[in-house]
Amino acid sequence: MRRRTGRRHNLAISPLGLLYAQGNIIMSRYDAASIEAKWQEAWEKAGTFTATMEGGKPKYYVLEMFPYPSGKLHMGHVRNYTMGDVIARYKMSTGHNVLHPMGFDAFGMPAENAAISSGGHPKDWTYSNIDTMVDQMKPLGLSLDWSRMFATCDPEYYGQQQALFLDFLEAGLVYRKNAVVNWDPVDMTVLANEQVIDGKGWRSGADVERRELTQWFFRISDMAEELLDAIDGLDNWPAKVKLMQQNWIGKSRGLQFAFGLIDGPEGFDRVEVYTTRPDTLMGASFVGISPDHPLAKHLEKDNPEIAAFCAECRKGGTTEEALEKAEKKGFNTGLTVRHPFDTSWELPVYIANFILMDYGTGAIFGCPAHDQRDLDFVRKYDLPVVSTFAPLSGDHVLPEESGEAYVPAKSEKVRWLKPYAWDEEVTGEEAIDAAIAFCEDNAVGQGVTKFRLRDWGLSRQRYWGCPIPVVHCDTCGVVPEKKENLPIELPYDEGDKPLDLSNPGNPLARHPTWRDCTCPACGGKALRETDTMDTFVDSSWYFARFTAPRAETPTDMEAAKYWMNVDQYIGGIEHAILHLLYSRFFARAMQITGHLPETAKEPFDALFTQGMVTHAIYKNAERTDENGRAIYHYPAEVEERENGTFVIATGEQVEVIPSAKMSKSKNNVVDPLNIISSYGADTARWFVLSDSPPERDVEWTASGAEASSKYLARVFRIATEAAASEKGPQGADEALLKEMHKAIRDVTLSIESFGFNAAIARLYAFTNALAKSKAGADAQRAATRALAQLMAPMTPHLAEEIWTMLGGEGQVIDAPWPVADEAMLVEASVTLPIQINGKRRAEISVAADLSKEEVEKIALAHEAVVKALDGQAPKKIIVVPGRIVNVVV
RNA sequence: GCGGGCGUGAUGGAAUGGUAGACAUACCAGACUUAAAAUCUGUUGGGCCUUGUGCCCGUGUGGGUUCGAGUCCCACCGCCCGCACCA
């Protein structure tokens with residue numbers, strides 16, 4: 001945003017000289033561009049960041065989630081990689097062999113979309129984007145081992161992935177079954193969820209249908225229990241991610257039993273039901289089955305009304321969100337079932353659109369009194385509501401009357417109106433256990449443990465992905481390809497024609513010759529599988545490949561044993577569930593098939609989820625475009641005035657929306673390259689780490705970037721002065737050195753706990769102390785060298801420069817991390833606040849090791865306390881040593 | 001709809017249940033300058049008066065636990081992330 005003063009950033013003081021005079025010191029100015037180029041070259045020459053297993057040093061593997069090669073590096077990337085870089089450089093300074101690699105998650109739809117909208121080929125588009133992004137990343141001065149780089153679309157990578165697939169297949173970890181996809185009936189093609197907009201195909205606009213297709217699946221649900229239990233051991237993962245994964249896996253204990261079907265069609269004498277609330281069985285008012293339930297499918301065959309209803313239910317996308325948000329609809333089949341406890345009690349059977357065939361048995365019973373969804377349903381179809389329990393006390397209106405389902409926590413004790421195997425006042429949990437035991441004893445049903453986690457469907461009917469290495473043979477069926485034939489490479493064209501993705505459907509299936517092959521089993525003619533793999537497969541083992549990226553097998557055991565696990569993994573919270581869960585599954589599957597050691601079952605020892613980089617957006621408040629859509633202005637197009645923010649050119653008022661996710665369509669993307677070219681990489685790095693805690697979003701502001709730049713210039717100036725200083729010992733040396741040791745302690749702790757913003761705040765404070773210090777030259781230089789070391793992980797180029805300027809030995813990256821001297825950290829006295837009834841009223845200064853009793857005595861003698869007590873004895877005195885004194889009167 | 005998270009001055013934010021607002025931005029004032037920029041110094045949560053080592057209010061809203069709550073618990077509001085074919 002341009003400010004009214006029209007001030008622009010301007011570092012050029014003297015166009016020719018790098019020298020200018022201030023006082024009597026001749027100093028060079030902070031020239032980020034030349035400093036950064038110089039040190040990047042020095043690191044490259046020395047091979048500083050090439051990871052090795054040598055020297056008997058402990059290893060440290062730090063990994064940031066690799067990017068999709070969109071072709072544009074954005075600030076979110078800069079923040080993500082800078083965080084990893086701080087950790088990597090810090091670990092190098094503390095004597096570790098560090099592996100810090102980078103690659104590209106390069107398969108996926110955007111490349112196909114680009115080819116459709118602007119011509120060209122997904123492969124060319126992707127590789128050219130990768131080149132661009134590498135060029136954009138290199139000036140950041142990241143401590144990456146570029147020699148290990150790969151893209152998942154490299155045949156060398158996806159060929160090894162095909163080998164993994166074959167091993168998984170052999171180990172029984174992959175199988176085929178039918179599953180529903182989004183089907184566009186006009187384009188005759190499968191759509192991704194994001195291509196379904198309001199239930200319609202994004203290009204055809206046709207109503208999307210759910211259709212079954214035979215697909216490949218990984219047996220991740222077989223590992224549900226193991227994946228769930230192992231979460232407890234992930235000590236250095238955020239609690240929220242662990243909780244999300246636990247909920248996603250969704251272990252539940254319930255009752256499986258059957259309702260006897262009265263006069264059902266042939267072959268259907270019962271409806272098998274799974275419920276997590278068997279305690280509410282006496283409040284059942286209907287049985288619901290999924291439109292995809294075998295009984296529903298049977299009924300729709302000769303009942304056009306049911307067929308029409310089921311067809312209606314199958315409209316729309318496949319996402320759980322769409323299903324759950326859709327209006328709850330049911331169709332009375334006219335069939336009834338018998339209640340298991342009372343054979344004269346009949347319940348109607350409905351087909352209902354909110355019941356998923358994938359979960360449980362595809363059939364439920366509805367208890368409207370204790371489930372809002374069921375209650376809404378029965379009110380629509382005029383079915384009874386029967387409460388089975390109520391609160392222990394209070395004026396509770398039963399759901400029968402109130403229209404509100406009563407759904408207390410299962411751990412809450414309630415009063416049972418219709419218990420059938422337990423006391424009148426127990427918790428829901430106790431009642432569920434008793435209900436399951438009762439049903440088992442009376443042969444009504446069985447206690448069953450189920451998981452919400454479904455098997456992972458990996459088939460995609462798309463071109464730009466890793467081909468699934470199997471062939472279809474008329475005589476042998478589905479046959480795995482031979483490993484010596486790998487990689488099964490994607491064809492560049494469609495044989496006689498160039499690749500055409502604007503044509504709906506998969507070019508691999510259309511290709512005139514690519515499918516043709518010989519059957520590995522019988523040698524006869526066969527056809528290749530044309531589905532490719534989900535791109536989540538690509539990102540589920542890249543961390544393992546980085547340990548030996550050029551190996552002739554998926555991994556190299558020796559390298560994997562040395563480097564695995566990833567000690568610190570860093571990425572966005574949006575990957576909390578799928579990517580991380582799939583990677584955990586893959587690590588186990590790779591261990592089973594001999595590609596990873598037993599110890600690498602949980603591949604990520606520590607996880608950190610960082611926030612986004614946001615920027616205010618400027619929305620035109622006076623008009624919209626011709627289609628009625630909002631108009632967004634670039635920061636440079638608007639200016640702030642006293643009475644608001646306006647478009648400079650037209651004078652129109654704009655609405656300032658702070659902290660919006662950077663997005664091209666909102667015109668609020670800040671290009672890191674511009675920042676680097678005007679301020680330098682160290683400024684960009686410093687800024688993205690400062691101000692906001694790393695796990696939260698950070699808002700990019702022009703003033704913040706300028707402030708970072710000014711601070712770095714200030715440090716440079718202080719260092720220049722310290723280097724030139726000839727002051728002898730001044731008596732203030734000890735105070736400065738004490739500050740130095742405290743800064744070393746605090747910054748080290750902050751870096752180790754991902755408190756980069758706190759580390760930076762501490763460095764500001766230390767810099768202020770240093771600037772004001774009257775200490776002699778030696779102490780100043782020592783303090784400034786420490787400052788350089790502490791800043792080195794964040795602003796490595798500037799740190800090298802001032803380290804050298806101050807006579808530091810070698811490169812700062814090779815210098816051992818400074819250690820705080822405990823003796824310098826001891827404080828003789830502490831200031832204790834005195835509270836009266838929890839409110840701060842005074843403070844006292846006492847010796848740090850003074851006893852509780854002594855502190856109490858001093859506090860009670862304090863004027864303010866005496867006044868507050870007014871002759872009375874205090875009711876209570878709390879003394880927290882070194883912290884606080886609270887007097888209750 | 002379901003699961004998870006977040007909410008503190010003008011702004012970004014700090015604060016093992018223990019002095020709310022560290023550090024920075026912005027603003028204002030001063031020094032330097034012919035002037036501006038840069039730099040340096042200082043002030044700044046709101047209110048009140050008796051101007052003090054003063055009092056009251058204050059961490060989205062409403063309750064609760066505690067000697068003490070931004071922090072823990074409950075409910076509500078708002079925003080963000082995920083929901084299995086976006087990566």
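Note that this is a predicted model, so its numbers are computed, not measured. Lettering follows sequence order; numbering is per chain, from 1.
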Under-4.0 Å side-chain N/O to phosphate OP1/OP2 contact, [X] with [N]:
X         : N      : value
Arg452(A) : C83(B) : no
Lys839(A) : G68(B) : no
Arg714(A) : C40(B) : yes
Thr535(A) : A87(B) : yes
Asn768(A) : C23(B) : no
Arg460(A) : C85(B) : yes

With sugar-phosphate meaning primed atoms plus P, OP1 and OP2, does [X] contact a base, only sugar-phosphate, or nothing at under 4.0 Å between heavy atoms?
X         : value
Val887(A) : nothing
His575(A) : base
Arg762(A) : nothing
Gln195(A) : nothing
Asn247(A) : sugar-phosphate
Ser70(A)  : nothing
Ile760(A) : nothing
Arg841(A) : sugar-phosphate
Phe536(A) : base
Leu243(A) : sugar-phosphate
Val885(A) : nothing
Val880(A) : base
Gly457(A) : sugar-phosphate
Lys240(A) : sugar-phosphate

Tell me the interatomic distance from [X], atom [atom1], to [N], atom [atom2], rounded to whole angstroms.
X         : N      : atom1 : atom2 : answer
Trp686(A) : A24(B) : CH2   : C1'   : 11 Å
Leu712(A) : A24(B) : CG    : P     : 14 Å
Asn837(A) : G18(B) : CG    : P     : 19 Å
Glu327(A) : G1(B)  : CD    : P     : 14 Å
Met65(A)  : C81(B) : CE    : P     : 16 Å
Glu695(A) : G12(B) : CD    : P     : 16 Å
Trp216(A) : C85(B) : CH2   : P     : 17 Å
Lys72(A)  : A87(B) : NZ    : P     : 22 Å

Regarding [N], can its base be found pairing with the side chain of [X] as donor and acceptor, where the two atoms are less than 3.5 Å apart?
X         : N      : answer
Glu324(A) : C83(B) : no
Asn886(A) : C67(B) : yes
Glu320(A) : C83(B) : no

Closest approach of Ala859(A) to Val865(A) (non-hydrogen atoms, all atoms of both residues): O-CG2, 3.2 Å

Where does G9(B) land, syn or anti, given syn is within 90° of 0? syn

Pair Glu212(A) + Lys177(A): basic N to acidic O under 4.0 Å: no

Taking Glu721(A) first and then Arg717(A), would you say they form a salt bridge - that is, a charged N and a carboxylate O separated by under 4.0 Å? no

Using purine N1 to pyrimidine N3 plus N6-O4 or O6-N4 for Watson-Crick, or N1-O2 and O6-N3 for G-U wobble, both under 3.5 Å, which nucleotide pairs with G82(B)? C2(B)

Using the P atoms only, state how far U44(B) lies from G54(B), rounded to an integer number of Å. 15 Å

Which whole number of Å gives the distance between the P atom of G30(B) and that of U11(B)? 26 Å

Main-chain N/O of Ala192(A) paired to Gln195(A) side chain as donor or acceptor, under 3.5 Å: yes

Both conditions, 6.0 Å and 45 degrees, for the charged tip of Arg452(A) above the ring of Trp248(A): are they met here? yes

Is there a donor-acceptor contact under 3.5 Å linking the side chains of Gln215(A) and Gln461(A)? yes

Modelled atom types, side-chain donor and acceptor of Asn768(A) and Arg714(A), under 3.5 Å: yes

